[in-house]
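What follows is a set of notes on a single structure, which appears directly below.
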Amino acid sequence: MTVPAKAPWPSLRLGVNIDHVATIRNARGGGHPSPLRAARIAAQAGADGITAHLREDRRHISDDDIMALGREIELPLNLEMAATEEMLGIALRHKPHAACIVPEKRRELTTEGGLDVAGGGGRLGDFTRRLVGAGIRVSLFIDPDPIQIEAAAAMGVPVVELHTGAYCDAGHGRGEAELARIRTGAALAAEAGLECHAGHGLSFDTVGAIAAIRQIEELNIGHFLMGEAIFSGLDSAIKRMRALMDKARAELSGQMSA
Ligand code: PXP
């Protein structure tokens with residue numbers, strides 16, 4: 001079994017979401033633990049990018065965090081944000097490498113479900129065009145739903161991020177159906193010329209199946225890594241996640257070249 005020198009599918013990047021370092025910091029105020037320090041450790045541990053969600057209510061990441069990350073971190077910054085005029089102004093000022101547009105409800109615990117791109121009308125299209133026009137790589141966070149994927153392609157954004165929450169939360173016996181939706185969605189996205197990312201709720205147990213979907217080019221992972229870091233350290237948690245992603249990709253190489 002030989003692995004081709006250059007795999008005929010994209011490599012898989014890991015974006016480490018550091019929101020919950022800020023959640024812990026904000027529980028007491030002050031500066032500890034520092035999201036910037038976490039981003040530096042993530043870079044050393046093998047992350048390909050840093051992701052941070054500046055929420056309207058600033059419950060974790062702050063405006064100062066975004067400024068510090070943009071100034072001090074060499075890895076590409078992926079700014080998760082709602083489609084509001086305030087966030088548009090911030091993104092245009094900081095010009096992160098990427099902006100992932102997410103739906104946001106004030107009372108939700110986390111991002112529940114993807115954007116309704118198909119029902120979003122022209123407003124979302126105008127919004128994303130202004131970001132793309134500023135040289136920011138825009139992605140839309142959507143459920144793995146063919147209607148939403150087609151709407152994203154029609155809008156002309158370069159990237160979609162498929163919501164893996166339903167797969168990760170699936171009870172016994174429902175996981176395969178949710179995984180099949182993500183596989184189909186990733187294939188559809190790639191056919192439509194979209195770069196495909198995925199994330200939400202991924203853990204050591206669920207990452208392998210998602211990493212084995214060859215059209216997916218980037219995973220964004222936060223909550224599980226930060227929780228695991230309490231027990232094993234952030235460096236070790238990220239390295240293990242990276243290793244599981246690489247193992248799934250290597251197995252894919254084996255299957256393709258066998
Ligand atoms: N991708 C997007 C668009 C998200 O909103 C989030 C959560 O902030 C994640 C990925 C990461 O999800 P988790 O923290 O569950 O790993």
Side-chain angles (χ1 to χ4, degrees), residues 12-24 26 35 38-39 42 47-61 65-66 69 76-84 87 91 96-106 108-117 128 131 137-145 148 152 157 159-170 178 182 185-186 189 194-211 216-230 234 237-238 240-242 244-245:
L12 184 59
R13 298 187 300 270
L14 171 61
V16 172
N17 180 314
I18 56 168
D19 292 351
H20 295 309
V21 180
T23 303
I24 298 174
N26 295 357
D48 301 291
I50 299 299
T51 295
H53 186 174
L54 185 66
R55 293 188 77 105
E56 263 190 291
D57 61 10
R58 309 300 197 269
R59 68 176 72 161
H60 37 56
I61 292 293
D65 289 329
I66 296 299
L69 289 166
L77 176 65
N78 174 30
L79 175 64
E80 287 179 7
M81 55 185 257
T84 65
M87 290 299 150
H97 166 76
C100 179
I101 314 305
V102 301
E104 210 177 283
K105 300 186 204 99
R106 267 182 189 259
E108 69 189 355
L109 289 177
T110 181
T111 315
E112 294 163 0
L115 277 174
D116 182 11
V117 185
T128 55
L131 291 168
R137 198 153 172 82
V138 175
S139 78
L140 299 178
F141 188 46
I142 55 174
D143 289 324
D145 171 352
Q148 300 299 339
V157 294
V159 184
V160 286
E161 179 165 330
L162 301 183
H163 199 311
T164 52
Y167 164 62
C168 295
D169 294 342
E178 292 299 339
I182 298 169
L194 291 160
E195 183 176 314
C196 186
H197 300 177
H200 209 281
L202 291 169
S203 67
F204 292 154
D205 289 339
T206 51
V207 76
I210 300 296
I216 294 179
E217 302 191 32
E218 179 175 305
L219 300 181
N220 284 298
I221 309 180
H223 181 268
F224 179 84
L225 282 175
M226 298 309 150
E228 198 58 24
I230 293 170
L234 186 55
I238 292 171
R240 181 151 172 225
M241 189 63 83
R242 177 82 264 168
L244 289 167
M245 288 166 56

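When a ligand or atom number is given, it counts from 1 through the structure's own listing order. Since this is a predicted model, take the numbers as computed values, not measurements.
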Please report whether ligand 1 has a polar contact with G199, defined as an N or O pair separated by less than 3.5 Å (distance criterion only).
no
Here the atoms of ligand 1 under 4.0 Å from any heavy atom belonging to N17 are 8 (O)
One finds that the ligand 1 atoms under 4.0 Å from a non-hydrogen atom of V102 are 3 (C)
Between the CD atom in E104 and the CG atom in L54, the distance rounded to the nearest 0.5 Å is 8.5 Å
Short version for H163: what comes under 4.0 Å of ligand 1, heavy atoms counted, is neither
- prompt: Got an N/O contact under 3.5 Å between N220 and ligand 1?
  reply: no
- Quick one: does G222 get an N or O within less than 3.5 Å of an N or O on ligand 1? yes
Rounded to the nearest 0.5 angstrom, the CD-CG distance for E80 and D19 is 6.0 Å
* Asked: Judging by distance only, is a nitrogen or oxygen of H223 under 3.5 angstrom from one on ligand 1?
  -> yes
One finds that the ligand 1 atoms under 4.0 Å from a non-hydrogen atom of I221 are 16 (O)
Requested in this report: Return yes or no for this condition: an N or O of E161 is under 3.5 Å from an N or O of ligand 1.
Outcome: yes
message: So does N17 get a backbone contact from the side chain of N220, meaning a donor-acceptor N/O pair under 3.5 Å?
response: no
**Item:** N/O donor-acceptor pair under 3.5 Å between T164 side chain and Y167 backbone
**Value:** no
**Study point:** Donor-acceptor pair, side chain of E161 and main chain of C100, under 3.5 angstrom
**Key:** no
Counting from 1 in the order shown, the ligand 1 atoms closer than 4.0 Å to a non-hydrogen atom of E80 are 1 (N), 2 (C), 3 (C), 4 (C), 5 (O), 6 (C), 8 (O), 9 (C), 10 (C)
D19 heavy atoms within 4.0 Å reach ligand 1 at atoms 8 (O)
Exercise. When you measure from the side chain of N26 to the backbone N and O of H60, does any donor-acceptor pair fall under 3.5 Å?
Worked result: yes
Would L219 and H197 count as a side-chain contact (heavy atoms from CB on, under 4.5 Å) if you check the C-alpha gap in whole Å, the side-chain angles of each, and the deciding distance to 0.1 Å? CA-CA 6 Å; L219 300 181; H197 300 177; over 6 Å; no
The atoms of ligand 1 lying under 4.0 Å from a heavy atom of G201, numbered in the order shown, are 12 (O), 13 (P), 15 (O), 16 (O)
Inset, instruction - Give the ring-plane orientation class for F141 versus H163, where under 30° counts as parallel, over 60° as perpendicular and anything between as tilted. - result: parallel
